[in-house]
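Reviewing the structure listed below.
Below, chain A is the first sequence line, B the second, and so on; all start at residue 1.
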Amino acid sequence: MGSYVANTPAVRQELLDAVGADSIRALYRDVPEALLYPPLALDAEKSELEIRSHFTALAEKNKVFPTCLRGAGAYRHFIPAAVRAIVSREELLTAYTPYQAEVSQGLLQGIFEYQTMICELTGMEVSNASVYDGATAAAEAIHMCLDRKRTKIYVSAAAHPETIETIRTYCFGYDLALEVLPLRDGRTDLEALTAALGEDAACFYLQQPNYFGLVEDAQAVGATVHAAGAKFIMGVNPIACALLPTPGACGADIAVGDGQPLGLDLAFGGPYLGFMAATKKLMRQLPGRIVGQTQDTNGATGYVLTLTAREQHIRREKAGSNICSNQALCAFTAGAYLAAMGPEGLAQAARLSLSKAHYLAQKLAEAGLSRRDGGEFFHEFVTACDEDTAAAISAVLAEHGILGGLPVEGGLLWCVTELVSRDALDKTADLVKEVLP
Amino acid sequence: MTLIFQRGGPGQKLSLLPPCDVPEIHLTQERAHAPRLPQVTENELMRHYKTLFDQMYGVNSGSYPLGSCTMKYNPKIDEEAAALPGFTQVHPTQDAHTVQGCLAVLHSLEKALCAVTGMDGVTLQPAAGAHGEFAGLLLIKAYHQSRGDGGRNRILIPDSAHGTNPASARMAGFEVVNIPSGPDGCVDLDALRAAAGPDTAGLMLTNPNTVGIFERNILDITRIVHDAGGLCYYDGANLNAVVGVVRPGDMGFDVCHLNLHKTFATPHGGGGPGSGPVGCKAALLDFLPGPQVAEEDGLYRFFTPSRSIGRMKQFYGNFTVAVKALAYLLTLGRERLPEAAENAVLNANYMMSRLAKTYDMAYNGPCMHEFVMTLEGLHKETGVSALDIAKGLLDHGIHPPTMYFPLIVHEALMIEPTETESKADLDAMCAALEALHAAAISEADTLRAAPHTTPIHRLDEVGAARNPILRYEFNGR
């Protein structure tokens, strides 16, 4: 059937007879006549063969760059074959939220393992089962920090612009004031931060590494925020967490971020993965699903969705968040990725990304394209140039199958991951050199 | 079951990455201890995940009549389309002329969803139904504020509504006014009239409603709210009953959300990713979240509406979910889409008419795509609850219906078979439920300890919440 309807017309008639209805239309008797069966501005049905052709043609209209030197919130990393094999399984794909724990232990355990891994990665004590993406995770984290006296939100200007925009939208909903604090040399200005945080400050959101790739002094920022009695939220890159001091070590109250680098394709922006981890103290403020360990009637260890009294289906208008479905499959993918990579593989991916990015920065500097900012960076950095030069560079690289740095204010934001070979980096620098005056 | 952390051992790993071909860099400050991630071989990894897969239940395992969730079949051609490298390997910040295929997908889906809903514009950015609700309510807020009508701070919501509705209203800064349902399970018009006034920002409603009945007074309902100056929001969770048959726009709704992972057959993935597009009428188009896709002379580009409420999240939404939903819509087309809805309704009525001989239905009359049974009587008589019957179903290899929702029905079981179940599947579900009813009477104690044949038995949920263990502790730390 073109509609995946299981019953043939003959069988449908049997069902109608059993129900005692004259026709299907009779079942819609409560619908006002004038509303029934409007003309639909859709094409006629298509066979599977036609669907395959249609989408193949559409996909071919997109340019896939063999070499990707861009991040800015979406990162092309190595994804092990085992991970793809795991997450394509039907049992996982076609399941839903594990409301019936007795037949869902596989899914529940997988999420429990994911929660554990996120805690290990971030150095935090508890993790939830995911939210939609890093930007909404930041917005939800901010909401966790509010109380009667503390309602002012502060965000670093070096956070991803789209994260800031998302937080702004959520603040429109919550009727909250948002202040974006200025930078000094591409990093959070500690003096401005100290001056800004008053007795009504709820939280400060810092991205680490920041949008420009720079490593912030997270420990100092955290101390400053806590001295003002506010909460410290860190938005982190999960690959960078393999090497950088963890949010836990930096005193974060909440750690959030996007888990897309952990085994998820670029996929033109989604689905990605919002992870949220917190101190034990904030456990009951975490939004979304959480899996917990318990026992069954025979004493066997098992897993269930827990702390549900926080959630919308119980608390309704008193719930902290409205989230219901999350990104379970993506969380499961991240767990599989982290299990496949292991501590060594993850550290290696991070070390390669870090090292290759520094190599490219050096080669570009030798070619005449210097960094815009000073200071330590992870696997992203900005080179300084005007708009026209940026456009010329992008065009030349594109001709050679290279997606170059993202045009940002004052230059280009580059990213290198473990996927890019030294040869490709050399080639990039050579091409840039030809373009520069 | 063994946790992944309990497998393998120090030094076990997969061989995945080549050595570093550039000078190695170290940061001035690095983390003190490596994360304690699993150290396993690829064989151990795959065997571990196999044990997990063996204890999952999906639509491909058997019937999944979870009311309100529309667990219909997930077509494989949709998966194939979404996995094309031309979609999975493109960076979201690539210039528009290099991703015309992606923009075409988004634009086509936006247009198709407008056709289905009777709305004038659609955003694909929200990541799930609840996210869509939040976005839709922000549209309503922005609309009223733009007209100097910011005093409208209340949203009217039936007491039968899904919990996300009032939660979303609060997130959008509104107060919630609960509208009681009448004895027929529908919105009480008098109560609605009394509640609608100058402080009403809008109404949130599902139609068919959460007890599976089509609100026959829908045109009165939306008119009452409009007359009071409010807007009407359609929760699209139950669209499967009427998709292609009735349009929310024609019912008088101004804003709506859809659940691509319900009505449009994208897989649920164990709890996501879903997608919750939001549609709206012309008066609200300028406020839609950005960016949106415009088409001119066959070329697509992004633009942000002039008075946009902003972004709901990074980038454009769950793009590959949108690909799957578009593939489904194009497969069915204008004739088969209403056919899906009709058969969802037919299947539900068939089950209800058969089960009505054994169980108490919460409401009389035909249902739409789902129906609610009340086990209050059975519980009083035998001590067997809706939960017990649900657990008993697990022993029959069938996923239980939704339990204890909506709140206005006691001991509720909400059954939604969907159109992709065959008569044999429907008969099997009915037979199992009939057997369980008999078991409730003759062997209540056994049933109250169900399930008996699953890998694990009833779990101590109270204990789990009282003493939360939310991660594995190494060395008992």
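- Of the possible donor and acceptor atoms, none in the side chain of A/E91 sits under 3.5 Å from a partner among the backbone N and O of B/Q55.
- Using a cut-off of 4.0 Å between Lys/Arg side-chain N and Asp/Glu carboxylate O, B/E339 and A/R12 are scored as salt-bridged.
- Contact annotation for B/L17: both backbone and side-chain heavy atoms come within less than 4.5 Å of a heavy atom of chain A.
- Chain A forms the most heavy-atom pairs under 4.5 Å with one residue out of B/M251, B/M312, B/M403, and that residue is B/M312.
- Side chain of A/R70 to backbone of B/T93: a donor-acceptor contact under 3.5 angstrom is found.
- B/M46 touches chain A through its side chain: at least one heavy atom from C-beta onward sits under 4.5 Å away, while N, CA, C and O do not.
- Formation of a donor-acceptor pair under 3.5 Å by the B/R311 side chain with backbone atoms of A/E162 is not found in this model.
- Side chains of B/N60 and A/T94: a donor on one and an acceptor on the other come within 3.5 Å.
- With a threshold of 4.5 angstrom between heavy atoms, B/E335 approaches chain A through side-chain atoms but not through N, CA, C or O.
- A donor-acceptor pair under 3.5 Å is formed between the side chain of A/R351 and the backbone N or O of B/I25.
- For the pair B/H261 and A/S325, the tightest heavy-atom approach, listed with the atom from each and the gap, is NE2-OG, 3.9 Å.
- No side-chain N or O of B/H457 forms a donor-acceptor pair with one of A/E102 less than 3.5 Å apart.
- A donor-acceptor contact shorter than 3.5 Å links the side chain of B/D21 to the backbone of A/R422.
- Taking the ring centroids of B/F315 and A/F268, they lie at or beyond the 6.0 Å cut-off.
- With B/Q100 contributing its side chain and A/K61 its backbone, the two residues share no donor-acceptor pair below 3.5 Å.
- Between the side chains of B/R471 and A/S127, no donor-acceptor pair of N or O atoms lies under 3.5 Å.
- At distances below 3.5 Å, not a single donor-acceptor pair connects side-chain atoms of B/N318 with backbone N or O atoms of A/G270.
- Relative orientation of the B/Y49 and A/F332 rings is perpendicular, given thresholds of 30° and 60° on the angle between their planes.
- Of the N and O atoms on the side chains of B/E24 and A/S355, not one donor lies less than 3.5 Å from an acceptor on the other residue.
- Side-chain N or O atoms of A/E113 include one that pairs as donor or acceptor with a backbone N or O of B/I4 at under 3.5 Å.
- Contact tally against chain A (heavy-atom pairs below 4.5 Å) for B/D250, B/L346, B/T320, B/N347: the top residue is B/L346.
- Only the side chain of B/V176 has a heavy atom closer than 4.5 Å to any heavy atom of chain A.
- Closest non-hydrogen pair, A/I51 versus B/A327, comes out as CD1-O, 3.8 Å.
- In this structure, B/K141 satisfies the cation-pi test against A/F172, with its NZ or CZ atom closer than 6.0 Å to the six-membered ring centre and inside 45 degrees of the ring normal.
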inquiry  = Could you walk me through whether A/H313 and B/F405 satisfy the ring pair (Phe, Tyr, Trp, His ring centres under 6.0 Å) test, starting with their C-alpha distance in whole Å, then the side-chain angles of each, then the deciding distance to 0.1 Å, before giving a yes or no?
reply    = CA-CA 9 Å; A/H313 57 289; B/F405 178 78; 9.6 Å; no

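- The salt bridge (Lys or Arg N to Asp or Glu O under 4.0 Å) check on B/R458 picks up B/D388, with sequence neighbours excluded.
- Every residue meeting the side chain to side chain contact (heavy atoms under 4.5 Å, CB included) condition with A/D43, not counting sequence neighbours, appears here in chain and number order: A/K46.
- Distance check: B/Y472 OH to A/Q115 CD gives 16.0 Å after rounding to the nearest 0.5 Å.
- Chain A forms the most heavy-atom pairs under 4.5 Å with one residue out of B/V246, B/T28, B/L27, B/V116, and that residue is B/L27.
- For B/N74, the part sitting under 4.5 Å from any heavy atom of chain A is the side chain, from C-beta outward, and nothing else.
- The candidate from B/A130, B/A390, B/G333, B/A115 with the greatest count of non-hydrogen atom pairs under 4.5 Å with chain A is B/A130.
- Under a 3.5 Å cut-off, the side chain of B/S422 and the backbone N or O of A/A6 do not form any donor-acceptor pair.
- Counting heavy-atom pairs closer than 4.5 Å to chain A, the top residue among B/A34, B/G463, B/G317, B/S61 is B/G317.
- A ring-centre distance under 6.0 Å is not found for A/F65 and B/H91.
- The aromatic rings of B/Y73 and A/Y4 sit tilted relative to each other, their planes meeting at an angle between 30° and 60°.
- A/Y28 contributes no side-chain N or O that, together with a main-chain N or O of B/V245, makes up a donor-acceptor pair within less than 3.5 Å.
- Atom NZ of B/K313 sits about 7.0 Å away from atom OG1 of A/T136, to the nearest 0.5 Å.
- Heavy atoms of B/P338 lying under 4.5 Å from chain A belong exclusively to its side chain.
- Interface residue B/P366: backbone and side-chain heavy atoms are both found under 4.5 Å from chain A.
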